[in-house]
Amino acid sequence: MTFIRKLVLIAIACNIFGAATASRIAAQTTVKTSATVPAQSAEELKEKRLEWFRDARFGMMIHWGLYSVPAGEWKGKPIAGLGEWIMNRAKIPVKEYEQLAPQFDPEKFNAEEIVRVAKNAGMKYIVITSKHHDGFAMYHSTVSKYNIYDATPFKRDPMKELADAANKAGIKLCFYYSQTQDWHEPDAVGNDWDFSADSKRDFQKYLDEKVKPQVTELLTNYGPIGLIWFDTPRNITKEQSQELVDLVHRIQPNTLVSGRIGHGLGDYDSAGDNQISMSGAKRIWETPVTMNDTWGFKKDDMNWKPVSVLVRQLVQVISQGGNYLLNVGPTSEGLIPQPSVERLAQVGEWLKKNNESVYGAGPSPFPYELPWGIITTKPGKMYLHVFYWPQKQLTLYGLKNKVRSATLLADGDKLKFSQKQDASLDHSELTVQLPTAAPDKNDSVIALDLDGDVQVDTALLQQPDNTVTLPAFLSKVHRSGDGGLRFDSRGVAERWTNKDEWVDWDFKVSDPGTFDVVIITSQQKYGRDWEGGHVVDLDVAGQRLKATIEDNGKEENPANLYWPYVISKAGRITIDKSGKYSLSFKPETIKADKKLGLTLVSVKLVPAAK
Ligand code: FHN
C-alpha cells in the first residue's frame, strides 16, 4: 500500500469511524506485513492458528440476511436458484432491495438457542454471514448504515449476541464476509443491472472503504474470531487478497482465512460447494454443504437431505482429513427451519454414540472407498463405518495388522472375526461376523483394536465382492502439451479436452474370472451438464476394447448428490490368473461442443453375470 493510500484510508476512517477507530487503524497500518516476517515463524503461526480447526471436524454455517424476507419469491413469482441470490437472479434494483430492510424484524432470533442446536449436533464452530453478496451487514457497522442495527426495526446486533452465546458454550464464532461481490456498491463486483457492466469501477476503493474497515470491525468488536470465511474471489488480484490476509492476521493473529480468499493464500483449502472429496487431500480442507438445495432460506425448498446422507458426508469428509461445514438458513423471524433442527438433533444422536470414531480421528489408510463404506483411524485403532450392511459377514482385504478385538461402537458388543494371509500373493483377509440387522440405519461403526499402528496394502485391490474399481484420482496421468485435465475437489478428472492425455493404473486381482468393463463419468456443475460421444481405447490386462462414452444408466453417489454418475459399458474381458495387471485408458476422440469434454470418475471391472 502506498503512503498516499494509507493517508487516504486514515482520512476516510476518521470520517466514518470517529477518531478512536481511525487511530487504531492508523496504528495497524504501520505494523509490518507478513511479507517481512521470517518464513519459518509465518509457518509456525499458521500451524498454531490451525490447531483448533484440525480438531473441530464439524461446523455450522449460517446464511442469514435480508433475502430471508422474500424467501425465494419476488413480486409473487418464485425465483429460481439460491435464496440468497434473489437480488441478482431477479435483477432487483438496489433502491427496491433496500426496502426489505424496514420489513426485517427477526424477533424470534435467539442466539443461545442457535448455539445450543449447533452444540447438541456435535458442531464445534459457527460461520455466519456478516455480509453476503447483497452487501447488507448483519451486525452494527459504523462503516455503512446499510446494516441490521441502523436500517431495520430490529435494533439489535445479532453478531454480538451470537459472540456472547458462542463464547459461553465454548464454540468458535467465525464470520463469512463477501469480499468481491457486493451488489449494493457501484465499485464492487456483481451488480450490472444498477451499475452497467462497462461502467468504470474502482475495486480498490471499495476494498479500502468498505471491506477493510468492515473486516476490521468484525475482528475488533466481537472477541476472538475463529476464521473469516471469504468467498468467490472472482477478479481480486493476488496483492489485494494478500492485503486482506495481512489485515486479518495483523488484528487477530489466530484467526484463519478461508481458501476462498483466492490465489491459494488461505490458511486451508475450501472444496467446491457440496463437493465431497473422494481423494486424499494434501492440505487441510473444509467443504460447505447445504441441508436442502439453498443456503439462504427459501420457503419452497423442501429437498432436505436425509440424516443418512448427512452422517455419511460427515464421515466421508473426516476420512479424507477434512472439516464438514453444514448450512442452515434461518427465516426472517430468525428461526432455523424445523427440518434442519430435527436433522441436526439426529446427527448429534449418532455422534454421541460414535464420537470416538470422529473427533481426533485421522483419515482412512486406504486411498479409496470400500464397497460397504469407509474407514477412520486412531493410533492402534481402525473404525469401519458400514453404510451398506452385508449379510452375515464383512470382509476387508489388505489389513496387515493382527486384530485384537472387533467391537460394535454403539453398544459395545464384541464381534467374532478371523484373519488369513496368502504370502505368495501378498494378500491378507479379515472377516468379521455380523448380526443380521444393521444396528444403526445411518452408519454402524465397528471398532478394530490392532496390534500396533495401522498398516495396509495401499495397492488397488480387487474387493471381496470381486469388483475392481480404478478411481481416476489414483491413476497415473500422462500429460501432453499444456494439458487441460485436472481433478475437481471431488477427485473427478475434468476439463479433459486434449485427446493426447491419457491415464493408466496397476491393480491386483485375487479372484480371476470374466468381467464387464464399465466407465463411470460424471455430470458437472449444478446444471447437471454432461458431454458424451467420446471414443476411448482401453487395454485391460493385455486385452483391447474400444468404447463410446454414452449414457447406459445412472449411478447415485450419496456423498456427491448433485452430480449423478453416468455409466458407459465398454465390453467384456477375462483374467485367468490371480496377480498384478494394468489398465490404460486413452481417448481416440473427445467431443467438447459444450466445452466440458471428457470427465472420469473411475473404470470398474464388474464380475460378469454367469
Ligand atoms: O455465491 C455463494 C453462495 O451464495 C454461497 O454463499 C456459497 C457457500 O459456499 N458460496 C458462494 C458460491 O460458491
Side-chain angles (χ1 to χ4, degrees), residues 272 275 277-279 367-369 460 467-507 509 514-557 560 562-575 580-609:
Q275 291 202 350
S277 170
M278 300 173 293
S279 63
Y368 48 81
E369 286 173 37
L460 282 162
T467 54
V468 178
T469 301
L470 307 173
F473 60 82
L474 291 178
S475 67
K476 180 163 175 222
V477 180
H478 300 265
R479 304 221 172 251
S480 167
D482 286 344
L485 188 164
R486 55 161 228 180
F487 293 91
D488 70 10
S489 50
R490 293 172 296 158
V492 173
E494 61 165 16
R495 302 208 186 156
W496 194 344
T497 51
N498 177 354
K499 72 173 181 48
D500 296 326
E501 295 197 280
W502 58 283
V503 297
D504 66 2
W505 300 261
D506 294 325
F507 58 96
V509 169
T514 300
F515 299 89
D516 287 324
V517 180
V518 172
I519 300 164
I520 310 289
T521 55
S522 174
Q523 297 191 339
Q524 288 184 293
K525 318 225 163 70
Y526 287 94
R528 312 217 157 172
D529 241 345
W530 179 81
E531 223 167 359
H534 327 289
V535 178
V536 294
D537 295 314
L538 294 101
D539 186 321
V540 193
Q543 295 157 71
R544 301 220 155 176
L545 297 172
K546 187 188 282 291
T548 302
I549 305 296
E550 53 196 8
D551 186 348
N552 299 141
K554 301 274 186 339
E555 182 181 302
E556 253 200 14
N557 170 7
N560 280 299
Y562 292 99
W563 299 270
Y565 293 165
V566 181
I567 301 168
S568 307
K569 295 178 182 163
R572 194 165 270 197
I573 56 120
T574 297
I575 295 181
K580 288 187 181 157
Y581 293 93
S582 62
L583 187 153
S584 70
F585 178 97
K586 295 186 180 171
E588 198 175 289
T589 55
I590 296 182
K591 282 187 81 179
D593 301 342
K594 294 196 215 163
K595 300 212 166 48
L596 294 168
L598 178 60
T599 60
L600 187 66
V601 177
S602 59
V603 177
K604 283 187 186 179
L605 309 191
V606 182

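Any value given below was found using the heavy atoms of this structure, including those in side chains, with hydrogens, waters and symmetry copies removed. Everything quoted here is computed from the prediction, not taken from an experiment. For this chain, numbers begin at 1 and follow the sequence in order.
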- Min side-chain heavy-atom separation R486-E494 under 4.5 Å: yes

Residues pairing under salt bridge (charged side-chain N to carboxylate O under 4.0 Å, His left out) where one sits in residues 584-593, two or more places apart or in two chains, turn out to be K546-E588

Paired with V518, the side-chain contact (heavy atoms from CB on, under 4.5 Å) test is passed by just one of V603, T469, L605, I567, namely I567

What one should report as the nearest heavy-atom pair of F585 and W502 is O-CB, 3.3 Å

Inset, instruction - Please indicate whether K476 has more than 12 foreign heavy atoms, meaning atoms of other residues, nucleotides or ligands, lying under 6.0 Å from its NZ. - result: no

Nearest heavy-atom contact between D504 and S584 is CB-CA, 3.7 Å

Between V601 and S522 the two heavy atoms that sit nearest each other are CG2-CB, 3.6 Å

Legend entry - R479 atom CZ, over 12 foreign heavy atoms within 6.0 Å: yes

When rounded to the nearest 0.5 Å, the distance separating CD1 of I549 from OG1 of T589 is 9.5 Å

Tested for side-chain contact (heavy atoms from CB on, under 4.5 Å) against T599, the lone hit among H534, Q523, Q524, R495 is Q524

In short, W563 meets R490 closest at the heavy-atom pair CB-NH1, 3.1 Å

Could you check whether W530 and T521, counting side-chain N and O atoms only, form a donor-acceptor pair closer than 3.5 Å? yes

Does the side chain of P564 reach to within under 4.5 Å of the side chain of V566, using non-hydrogen atoms?
no

With sequence neighbours left out, the residues meeting side-chain hydrogen bond (donor to acceptor under 3.5 Å, both in side chains) with D551 are K554

Tell me, do L583 and V468 make a side-chain contact under 4.5 Å, heavy atoms counted? no

ask   = Side chains of S489 and S277: do they bring a donor and an acceptor to under 3.5 Å?
value = no

In this structure, CG of L600 is separated from CZ of F487 (nearest 0.5 Å) by 8.0 Å

Q.
Please tell me whether W505 and Y368 form a close aromatic pair, meaning their ring centres lie under 6.0 Å apart.
A. no

